[in-house]
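Read through the structure below, which is laid out as structure tokens, and then see the notes.
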2 protein chains.
Amino acid sequence: MTTPRKPRGPYRKGLERRQQILRAALEVFSEHGDRGSSLKEIADHVGMSQAGLLHYFDSREELLVAVLAERDAVDVEATANVMTPGEAVARTAAHNARQRGLVDLFVTLSAAASDPDHPAHAFFTSRYANLAGQIEDGLGKAQDRDEIRTDVEPNHMARMLLALSDGLQLQWLLDPSVDMEGTIQAFNRICLPVAAEGDTSHLDRGDDS
Amino acid sequence: MTTPRKPRGPYRKGLERRQQILRAALEVFSEHGDRGSSLKEIADHVGMSQAGLLHYFDSREELLVAVLAERDAVDVEATANVMTPGEAVARTAAHNARQRGLVDLFVTLSAAASDPDHPAHAFFTSRYANLAGQIEDGLGKAQDRDEIRTDVEPNHMARMLLALSDGLQLQWLLDPSVDMEGTIQAFNRICLPVAAEGDTSHLDRGDDS
DNA sequence: GTCTATACCCGGATAGAC
DNA sequence: GTCTATCCGGGTATAGAC
């Protein structure tokens with residue numbers, strides 16, 4: 001998506017600028033969310049004028065979705081070579097706890113994007129479908145290997161993990177003392193193969209921050 | 001809450017108008033969210049002018065928080081006399097699945113309100129603190145009665161439930177095929193007292209809609 | 001390519017007539 | 001209490017000079 005054509009030749013500088021703007025926009029959007037950010041602020045950040053910025057992205061919307069895609073790429077990279085889905089989600093949570101603005105942006109935008117008319121609607125719907133699908137697959141395989149409990153459908157569990165992640169982000173935004181990672185790991189623990197009733201000693205160690 | 005007493009005398013009509021506006025605002029906000037709604041639209045809805053509306057609520061913010069409180073009152077009423085926390089959350093989810101606009105408003109606003117400067121910030125922070133506290137209590141008691149598993153802290157579990165609820169709402173907004181209630185009940189099921197390994201027959205019946 | 005200037009729109013809030 | 005008219009601010013987008 002957005003696939004910026006790659007002209008060779010004199011356009012090189014332009015492409016670099018574009019990247020520069022993208023980075024700045026990511027920062028600014030991250031800090032103030034969608035609504036709170038103006039083109040002018042992003043432009044300032046890059047060190048150019050608002051009108052100059054519009055030379056690269058024809059509209060605000062265009063810039064927004066470009067930023068989203070960019071952010072996503074970073075995320076994917078960070079969790080690409082990771083073990084179990086539960087772990088990946090926990091990791092991301094821990095990482096996000098250092099990126100308040102990004103979390104804000106994400107929560108805000110994904111909600112706003114539920115409107116089919118929103119410029120980022122397609123982006124988010126496919127994003128969630130993909131994520132859910134991937135996680136579901138991962139969980140299914142883990143079930144086959146008896147690594148996790150098998151009495152819940154992978155699909156339900158995948159949706160749970162995603163919901164947990166998003167919901168905790170929201171709660172954390174409102175109250176930074178909320179322990180995103182710990183809570184997710186607690187969840188992961190109860191999805192391990194269920195031990196005999198008495199033997200739960202391995203379950204309750206070292207998570208309660 | 002809101003308890004509109006009915007003063008006779010000159011104020012009666014005014015109070016009714018206020019209620020009328022509140023209802024209209026709830027509808028409009030529900031449909032287009034915070035950002036997407038204008039005073040004019042709400043006013044139109046009521047059948048009066050934007051300026052006229054401002055006669056009852058001095059500012060947009062004031063109206064917004066009033067609406068929030070109103071909505072909350074309704075919610076509380078709906079889950080007041082309900083059994084276990086997990087059940088209550090599942091119920092609410094089922095109910096919400098018929099109130100897309102409201103869900104949208106809630107998700108949008110709670111995210112936006114994470115900004116300490118947002119007019120609804122205080123409202124949402126205390127709301128979550130209260131909810132989490134209540135649920136935690138309920139779960140603690142359930143643990144004491146051995147109705148649910150005891151190897152997860154009530155606090156973590158409470159946060160999980162809330163996160164699950166919110167996160168699923170978001171996913172559902174983006175993809176209405178997401179089964180909010182079913183997923184929550186699946187979660188509730190894995191929080192029941194853990195049976196012996198072989199005996200999980202009671203766990204996987206009648207949920208996968 | 002980048003700027004300044006500006007047109008334009010939208011939404012909230014205010015003033016003042018009725 | 002309610003309206004019309006108006007102001008004002010913020011934001012995007014455009015025109016046109018350099």
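The structure presented is a predicted model; accordingly, all values stated were derived computationally and were not measured.
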Whole angstrom value for the distance that separates P of C/dC8 from CZ of A/R60
22 Å
Is the shortest distance from a Lys or Arg side-chain nitrogen in B/K40 or B/D44 to a carboxylate oxygen in the other one below 4.0 Å?
yes
With respect to the side chain of A/S38, which nucleotide from D/dT2, D/dG11, D/dA13 is positioned closest?
D/dG11
Using the rule given for salt bridge (charged side-chain N to carboxylate O under 4.0 Å, His left out), can you reason through A/R60 versus A/D34, listing the C-alpha separation, both sets of side-chain angles and the distance that settles it, and then say yes or no?
CA-CA 10 Å; A/R60 191 183 192 277; A/D34 174 22; 2.9 Å; yes
Rounded distance (Å) that lies between atom P of C/dT2 and atom CD1 of A/I21:
8 Å
Minimum-distance nucleotide to A/Y56 side chain [options: C/dA5, D/dT2, C/dT2]
C/dT2
Side chain of A/H55 (C-beta onward), nearest among C/dG1, C/dT14, C/dC3:
C/dG1
For B/S49, answer base if it contacts any base atom (sugar-phosphate contacts may also be present), sugar-phosphate if it contacts only those atoms, and nothing otherwise; contact means non-hydrogen atoms under 4.0 Å.
base
When the ring planes of A/F187 and B/F187 are compared, do they come out parallel, tilted or perpendicular, using 30° and 60° as the limits?
parallel
In this structure, how many angstroms lie between the P atom of C/dT2 and the CG atom of A/L53, rounded?
10 Å
Working to the nearest 0.5 Å, report the span between CD1 of A/I148 and CD of A/Q143.
4.5 Å
Rounding to a whole Å, what distance do you find between B/E41:CD and C/dG12:P?
10 Å
Is there a side-chain contact between A/Y128 and B/L170 (heavy atoms, below 4.5 Å)?
yes
Protein-nucleotide distance (A/Q20, atom CD; C/dG1, atom P), rounded to Å:
13 Å
Checking D/dT14, C/dA13, C/dT2 against the side chain of A/L54 (C-beta onward), the nearest is D/dT14
Tell me which nucleotide among D/dT2, C/dC3, D/dT4 gets nearest to the side chain of B/A51.
D/dT4
From CE of A/M48 across to P of C/dT2 the rounded distance in Å is 5 Å
Whole Å only: how far is the NZ atom of A/K40 from the P atom of D/dG10?
11 Å
Given atom CD of B/E16 and atom C1' of D/dG1, what is their separation to the nearest angstrom?
14 Å
Can you identify which nucleotide, out of C/dA13, C/dT2, D/dA13, has its nearest atom closest to the A/R17 side chain?
C/dT2
